[in-house]
Each structure stands twice: as structure tokens, then as C-alpha cells.
Amino acid sequence: MSESEEPQEPKDNDQLVQRRANLAALVERGVPPYPQSFRCTDTVSAIVTAHGETGGDDLDTAQIHATIAGRILIIRSFGKARFLVISDGVSRLQVYVRKDALSERDFEIAARLDIGDHIGVEGRLFRTRTNELSVWAGSLEFLAKCLVPLPEKWHGLTDIETRYRQRYVDLIVNPASRRVFETRARVLAAIRNFLVDRGFLEVETPMMHAVAGGALARPFTTHHNALDMPLFLRIAPELYLKRLVVGGVERVFEINRSFRNEGISTQHNPEFTMLEFYQAYTGYLDLMTMTEQMLATVARTATGGEEITVGDNTVSFTAPFRRLRLRQAVSEALTERLGIPVSEDDLRRRETVAALATQVGLEPGGDQGAGKITVDIFEALCERALIQPTFIHDFPTEVSPLSKQRDDDPDTVERFELFVVGMELANAFSELNDPVEQRRRFDAQLRDREAGDFEAHEMDEDYIRALEYGLPPTAGEGVGIDRLVMVLTDSPSIRDVILFPLMRPKDVGGHGDHGDHGEPAEPDPS
RNA sequence: GGGCCGCUAGCUCAGUGGUAGAGCACCUGACUUUUAAUCAGGGAGUCCUGGGUUCGAUCCCCAGGCGGCCCA
């Protein structure tokens with residue numbers, strides 16, 4: 001390594017240099033820098049769980065020895081003694097290191113440790129004078145080096161961008177972040193249990209679709225080289241799940257990612273996790289009841305109760321949830337906003353509803369029908385005020401190409417959305433199972449698409465063919481898992497509940513050695 | 001896509017048209033039951049990037065990058 005040849009090289013900061021020196025010093029004394037493994041008898045969490053309440057006298061009597069491993073988060077040094085706080089990612093435990101209890105080699109290791117290093121410790125459990133549960137280290141192994149300084153112990157890592165880009169650092173130093181993802185895991189497990197208990201079969205359907213259907217959204221496009229065909233990342237699993245109901249899977253669900261090529265916000269990530277479930281011989285009203293039961297159960301399992309604090313609000317998932325027809329909600333909101341009586345019938349006439357929309361500051365497009373305009377008004381005026389769980393039901397047929405119409409009202413479909421703290425959490429309907437009507441709906445969507453609506457649904461001939469085989473009366477629902485977890489963890493952004501949210505790439509600014517290690521990419525055929 | 005805000009030491013943040021500071025972290029010394037350990041001393045910066053104005057820019061102006069919030 002020559003000096004002064006590259007004066008432009010960014011200088012490493014003193015802490016990086018120091019840490020490398022500490023590692024080198026250990027290697028010089030024959031300590032393996034990255035040993036193959038370490039045999040533990042316990043985890044830190046297991047010790048804390050088992051003995052978090054055990055008194056010091058009892059610990060002394062029992063003489064409990066344990067071998068544990070973890071990452072050092074705090075070092076308090078007292079010359080010939082040191083206190084280390086180590087973590088297994090969940091719990092923290094203090095390790096007491098003193099020179100007269102260790103071999104010369106092990107104390108040498110202890111003296112060269114940095115915050116962030118991984119160590120293994122064998123020792124006896126005891127309580128210090130300040131009653132802190134601790135391990136009296138009898139021996140110590142170096143397990144892996146942390147070459148980079150961690151964020152400080154008091155404030156942790158608060159920079160939002162770094163927390164998302166380097167989630168591993170966030171998880172190391174912010175216990176609250178770990179808890180969010182533990183809650184997320186409990187939510188998923190609770191949902192699976194709830195559905196499996198009711199006879200639902202969990203399946204996995206394609207993520208890559210030749211026709212992006214099942215929702216009104218713009219897809220990501222990709223290309224299969226061998227088949228030389230365009231493919232779309234799915235925007236919803238809906239149409240495949242209903243094919244399965246045709247195939248006799250009368251209760252079916254999937255929990256997995258969907259992808260929508262749209263904006264990013266505190267409520268939108270391009271890839272997001274959705275639960276979809278379908279139950280034959282069921283209507284949308286049944287699903288309201290089932291949704292009430294499911295969310296109350298999930299809230300209890302994941303958080304311990306049915307009341308959740310979300311920002312300044314307390315949300316109750318105790319059934320029954322409020323129910324409100326969409327047109328009812330919109331007509332009431334318009335009546336209040338404009339100070340003139342607006343009826344639900346007014347919302348069914350395009351001229352009238354378009355004029356009302358203009359009066360509240362919207363600009364209805366010429367190609368938008370009464371139904372679409374009504375929904376736009378709902379989103380502008382009503383959505384954010386729906387704090388407590390509320391079913392908004394009976395949507396315009398025009399905006400619901402996969403839903404079944406009401407018997408008494410062909411302009412309205414048997415559909416609901418669930419809103420909580422102003423967010424759409426779920427969307428459900430009685431499934432349209434008449435293949436002739438389905439084709440008419442797709443045709444109407446195609447006309448919208450030709451008029452420039454890129455979110456309009458595409459024609460899916462195989463789906464219609466499946467309906468021709470006979471889809472029994474079925475109701476289905478999609479639940480946005482990320483948003484549900486946001487509510488249950490009081491997280492203000494969807495990025496707080498997604499481990500690695502999508503970010504624009506940014507220079508890592510490392511040490512110049514971060515090239516691709518994989519094989520060269522295939523040439524792009526296009 | 002539009003508006004507003006942010007980017008300064010590893011982290012959390014002050015600050016200034018004249019080459020920058022605190023706390024934690026780091027280094028040296030003291031210290032064998034500490035709890036944000038303590039005490040004494042010390043080192044550490046591409047003030048996001050590029051251009052402009054200026055004798056002089058981290059600061060003012062313009063453009064760009066990344067992020068956040070709000071709106072669409």
C-alpha cells in the first residue's frame with residue numbers, strides 16, 4: 001500500500017481506524033477474527049424471561065451458569081472491570097467482566113472490544129449491588145467485528161432516511177422498530193389462524209401475469225426472454241383466486257405481495273402486502289360480520305386489546321362497525337358543505353353530480369360517469385373523517401367491474417370498503433359470476449382505457465371462460481396488511497411497517513469495493 | 001406533478017458572509033458492582049453536489065441530488 005499516490009482518497013475517520021486496529025490486535029494474539037460458530041446454552045431473551053424476576057439471593061444459591069451470545073450495545077469501563085450490555089436483537093442483558101475472573105487472553109479480548117461487536121460469554125447469573133441481572137463472565141469469545149461506529153446510545157438513530165435505507169442499523173439500536181415487525185408477524189399469524197380455523201385453504205397464485213387484472217391500477221411491466229413475451233407484476237391476485245373457487249376451493253386465501261406502478265406516499269408503497277380471501281355461498285353482508293370478527297381477533301392477538309391508540313385517536317375494533325352507504329355519505333357531506341339539500345338520487349344523474357363536484361372544487365373529466373364522480377367526491381370530502389372502523393357500502397357499478405349488482409338496483413353493486421383513521425383498509429364485494437355481464441363490464445372498461453384511463457381493467461378471456469364453468473355465489477375481500485399494521489402499531493408511514501421500503505438509490509460512499517459479485521447480466525434483447 | 005421544509009463530526013443537534021461548535025461516541029490517563037458511570041486531558045469535518053455573486057461562501061443567489069410533510 002503506497003502512501004501519497006492518491007491524495008484524493010477520502011480519509012477514514014478515526015473511529016474506523018481504531019476499530020480496525022482493535023481487530024488487528026486480536027488477530028495478532030491468535031484470536032480468530034470471524035470464528036465459524038459458537039455454542040450457546042441459552043439466548044439472552046431466554047435468560048431474561050426466565051430470571052428477570054429472580055432475586056439475587058436465589059441466583060447465588062442456584063449457581064446458574066449460562067453460555068450466551070449477543071451484540072455489545074454499551075460498554076462501561078472501570079480499569080480492571082467492565083460492564084457490557086449485550087443484545088440478542090430482542091432483549092438486553094448485562095455482562096460483568098473483571099480481570100481476576102478471566103484468563104489473560106479473555107481479558108485481553110475484553111479490553112479490545114468495541115460497541116457493536118458480537119461476543120459469546122460463559123458465566124454465572126447474579127445481581128449487582130444495583131440489582132441488575134448480570135452474567136459474571138468466566139470466559140469470553142470474540143465472534144464478529146463491528147467495523148463501523150453505531151449511533152449513540154441515548155437518541156439512537158432518528159434520521160428517517162437512514163432508518164429506511166439501513167434498516168439493520170435501525171433494528172440494532174431502536175427496540176421500538178423491532179417491536180413493530182414483531183407485531184406485524186403476530187398480525188399475519190393471527191389472520192392465518194383465523195382463516196384456517198374457518199376452513200380456508202392458503203394458496204399462492206402467480207405474481208407474473210400476462211393480463212394485469214383484479215384491480216384498477218397501473219402495473220409494472222417486465223419481459224420473459226425465453227418466451228419472448230411481456231409480463232406484468234400482478235396488481236392483485238383476485239382473478240386467480242376466483243378461478244380456484246370455480247375449481248371447487250370454496251374457501252381460499254392468499255397473503256402476499258402485489259405491485260402497483262403508482263405514486264409513493266405515507267399510505268402507498270409500490271409493493272405491498274395484501275390478504276385476499278374468498279368464500280363461496282356467501283354475500284358481502286356476511287363478510288362485514290366476518291371482517292368485524294377478524295379485526296377484533298387480530299387486534300387482540302397482536303396488541304392485547306381491541307382499542308388501539310392511533311395518533312391522537314383511540315380506535316375501537318369492537319363490533320359492530322358503523323355502516324354507511326357510499327351515496328348516503330356523499331350526499332350528507334355535500335349537504336353540509338354546500339348548505340343545500342343534496343339527495344342520493346342527485347348523485348345518480350351525471351349532470352347534477354358533475355355540477356356538485358365542481359362546487360366543491362373538483363374538476364370532473366368529460367369521460368367520467370356519475371359513479372366515478374361520486375367516488376371522487378367521497379375521497380375528497382368523506383374519507384379522512386372516517387376515524388372509527390366504518391363500512392362504506394353499495395358502490396356505483398361503474399367503478400366496480402368485478403362486483404355483483406344489487407337485485408333491486410343495477411347501478412349499485414354489493415360492495416364495501418372499510419375505513420379506519422381515514423385509510424382504506426379493506427375492499428370487498430359479492431363477486432360478479434355471470435360471464436355475460438362480466439364481458440359487458442370488461443368491454444366498458446376497455447372503452448375507458450381507449451379514452452385514456454390507464455387504470456381501467458383489461459379484458460381477460462380466460463377469466464371469463466372460468467366463469468362460464470360456473471362460479472358459485474361468492475364473496476371476497478382484500479385487506480391491506482401494511483395499513484392494518486400501521487394502525488395496530490400507531491405508525492404514521494407505511495414505510496415504518498415495511499422492512500425495506502422502496503428508496504431511490506443513493507451512493508453508499510463506502511470504500512470503493514462494492515461492485516457486483518454476481519454473473520454478468522444477460523444482454524437486454526430489446 | 002405542485003408547494004413547504006431538511007441535509008453541518010460516527011450519531012443527535014447548535015451556529016456564522018472572514019477556514020465551525022456542544023452532548024454522546026472515539027483516543028490517553030485514573031478507577032474491580034456501574035446504570036446516559038464519573039474525573040482530567042486530547043483528536044476528529046468535502047458544513048449534500050455544481051455553478052454564480054463577493055476580496056472572501058458552510059451561510060446569499062441559481063441549478064441539481066436525496067429525504068420528509070402536505071396537496072393533486
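Just so it is clear: chains get the letters A, B, ... in the order the sequence lines come, proteins before strands, and each one is counted from 1. Note: hydrogens, waters and symmetry copies are ignored here, and every other heavy atom, side chains too, is used. Since the model is a prediction, treat every value here as computed from it, not as a measurement.
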Base [N] paired with [X] side chain (donor-acceptor, <3.5 Å):
X	N	answer
A:Thr158	B:U12	no
A:Glu152	B:G23	yes
A:Gln15	B:A25	yes
A:Glu132	B:U33	no
A:Asp14	B:G43	yes

So what does [X] touch, heavy atoms closer than 4.0 Å: a base, only the sugar-phosphate, or nothing?
X	answer
A:Arg384	sugar-phosphate
A:Arg92	nothing
A:Arg165	sugar-phosphate
A:Gly156	sugar-phosphate
A:Asp159	sugar-phosphate

On a whole-Å scale, what distance lies between the [atom1] atoms belonging to [N] and [M]?
N	M	atom1	answer
B:U58	B:G51	C1'	16 Å
B:G50	B:U46	P	13 Å
B:C47	B:A37	P	32 Å
B:G23	B:C4	P	37 Å
B:A25	B:U38	P	8 Å
B:A72	B:G45	P	47 Å
B:A36	B:G42	P	27 Å
B:C55	B:G64	C1'	28 Å

State whether a side-chain donor-acceptor pair under 3.5 Å links [X] with [Y].
X	Y	result
A:Ser139	A:Glu122	yes
A:Ser265	A:His268	yes
A:Ser493	A:Thr266	no
A:Asp411	A:Thr397	no
A:Asp14	A:Gln18	no

Enumerate the protein-to-nucleotides 1-8 of chain B contacts in which both atoms are nitrogen or oxygen and the separation is below 3.5 Å.
none

>> Here's a test of your reading of the structure: between A:Asn131 and A:Leu362, which maps to the more 5' nucleotide of RNA chain B?
In response: A:Asn131
>> If you assign A:Leu150 and A:Arg98 each to the RNA chain B nucleotide with the nearest heavy atom, which residue ends up on the more 5' nucleotide?
In response: A:Leu150
> Counting N and O atoms only, with roles assigned by atom type, does the side chain of A:Asn13 sit under 3.5 Å from a partner on the main chain of A:Gln15, one being a donor and the other an acceptor?
Replying inline: yes
> Backbone N or O of A:Glu424 within a donor-acceptor pair of the A:Arg483 side chain at under 3.5 Å?
Replying inline: yes
What N/O pairs connect the protein and nucleotides 19-21 of chain B at under 3.5 Å? Give each pair on its own line.
none

Between protein and nucleotides 28-31 of chain B, what N or O pairs are separated by less than 3.5 Å?
unit_1, atom_1, unit_2, atom_2, d
B:C31, N3, A:Gly79, N, 3.4
B:C31, N4, A:Gly79, N, 3.2

> side-chain hydrogen bond (donor to acceptor under 3.5 Å, both in side chains) with A:Ser87: which residues, sequence neighbours excluded?
Replying inline: none
> Would A:Phe378 and A:Phe419 satisfy ring-ring contact (aromatic ring centres under 6.0 Å, His included), going step by step from the backbone distance to the final call?
Replying inline: CA-CA 12 Å; A:Phe378 172 80; A:Phe419 289 86; 5.3 Å; yes
> Cation-pi between A:Arg167 and A:Phe500: NZ/CZ under 6.0 Å from ring centre and within 45° of the ring axis?
Replying inline: no
> Which one, B:A37, B:G67, B:U33, comes nearest to the side chain of A:Phe83?
Replying inline: B:U33
> In terms of side-chain heavy atoms of A:Arg495, which of B:G68, B:C69, B:U34 is nearest?
Replying inline: B:G68
> Among A:Arg415, A:Glu238, A:Glu477, A:Glu276, whose side chain to side chain donor-acceptor pair (under 3.5 Å) with A:Asn427 holds?
Replying inline: A:Arg415
>> Go through it in stages, so that I can follow the logic: the residues are A:Tyr164 and A:Asp496, the test is side-chain hydrogen bond (donor to acceptor under 3.5 Å, both in side chains), and I'd like the CA-CA distance, side-chain angles, deciding distance and then a yes or no.
In response: CA-CA 8 Å; A:Tyr164 296 156; A:Asp496 297 324; 2.7 Å; yes
> Who are the ring pair (Phe, Tyr, Trp, His ring centres under 6.0 Å) partners of A:Tyr96, not counting sequence neighbours?
Replying inline: A:Phe83, A:Phe126, A:Trp136
> Since syn is defined as within 90° of 0, does B:U19 count as syn or as anti?
Replying inline: syn
> Do A:Ser134 and A:Gln94 pass the side-chain hydrogen bond (donor to acceptor under 3.5 Å, both in side chains) test, and can you show the C-alpha distance, the side-chain angles, and the key distance before you say yes or no?
Replying inline: CA-CA 5 Å; A:Ser134 307; A:Gln94 181 169 267; 2.9 Å; yes
> Could you spell out the base pairing of RNA chain B in dot-bracket, with Watson-Crick or G-U pairs whose two distances are under 3.5 Å, [ ] crossing and | to another strand?
Replying inline: (((((((..((((....[..)))).(((((.......))))).....(((((..]....)))))))))))).
